[in-house]
Amino acid sequence: MDAPDTSKKRSAMYSDASVVVTLKDGSQKTVPMEYKSLARPGEVINGKTVGAAYDVNGHVIKDKNGNRLYPQRQTPTPY
């Protein structure tokens with residue numbers, strides 16, 4: 001796949017990249033590559049909130065009202 005050659009292509013979130021997969025029987029098929037989200041803002045992984053802002057001591061930074069500072073959680077997109 002060639003590198004994007006226009007501003008529009010370079011700014012696109014998606015790509016037309018694909019990969020050739022060889023199966024156990026030796027046959028091959030071309031599969032388009034796709035974006036998969038690993039975590040969403042607001043989810044907690046190993047005790048840490050994804051997307052939250054932390055200070056140097058590992059404490060969540062909060063606004064003046066005591067609310068955590070991280071992007072609002074969005075409705076998950078079904079795959």
Side-chain angles (χ1 to χ4, degrees):
M1 180 179 128
D2 294 331
D5 58 355
T6 66
S7 293
K8 184 176 181 179
K9 289 179 184 177
R10 284 190 290 273
S11 64
M13 183 173 172
Y14 298 99
S15 166
D16 58 359
S18 59
V19 62
V20 176
V21 178
T22 302
L23 306 175
K24 286 184 180 181
D25 65 5
S27 64
Q28 294 183 330
K29 68 178 189 176
T30 302
V31 181
M33 297 180 80
E34 59 184 320
Y35 174 82
K36 293 283 187 176
S37 176
L38 299 177
R40 299 191 186 282
E43 291 180 353
V44 178
I45 300 174
N46 294 331
K48 298 288 184 178
T49 303
V50 174
Y54 290 88
D55 66 16
V56 296
N57 298 312
H59 301 111
V60 174
I61 299 173
K62 298 179 180 180
D63 66 13
K64 64 182 178 181
N65 297 319
N67 299 314
R68 292 177 171 214
L69 296 176
Y70 60 88
Q72 294 298 314
R73 190 171 185 170
Q74 298 176 356
T75 304
T77 303
Y79 295 109

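Heads up: numbering here begins at 1 and tracks the sequence.
- Applying the side chain to side chain contact (heavy atoms under 4.5 Å, CB included) rule to T22 yields the partners Q28; only residues at least two apart in sequence or on another chain are considered.
- Listed by chain and residue number, K9 satisfy the side-chain hydrogen bond (donor to acceptor under 3.5 Å, both in side chains) test with D5 (two or more places apart in sequence, or in another chain).
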Only pairs under 3.5 Å count here: list side-chain donor-acceptor contacts from residues 51-66, not counting sequence neighbours, and write none if there are none.
unit_1 : atom_1 : unit_2 : atom_2 : d
Y54    : OH     : T49    : N      : 2.7
D55    : OD1    : N57    : N      : 2.9
D55    : OD1    : G58    : N      : 3.0
D55    : OD1    : H59    : N      : 2.9
D63    : OD1    : N65    : N      : 2.9
D63    : OD1    : G66    : N      : 3.1
D63    : OD1    : N67    : N      : 2.9

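- For the side chain to side chain contact (heavy atoms under 4.5 Å, CB included) test, residues two or more places apart in sequence or in another chain that qualify with S27 are L23, D25.
- Summarising the geometry of P32 relative to S18, their closest heavy-atom pair is CA-CB, 3.9 Å, with the distance given to 0.1 Å.
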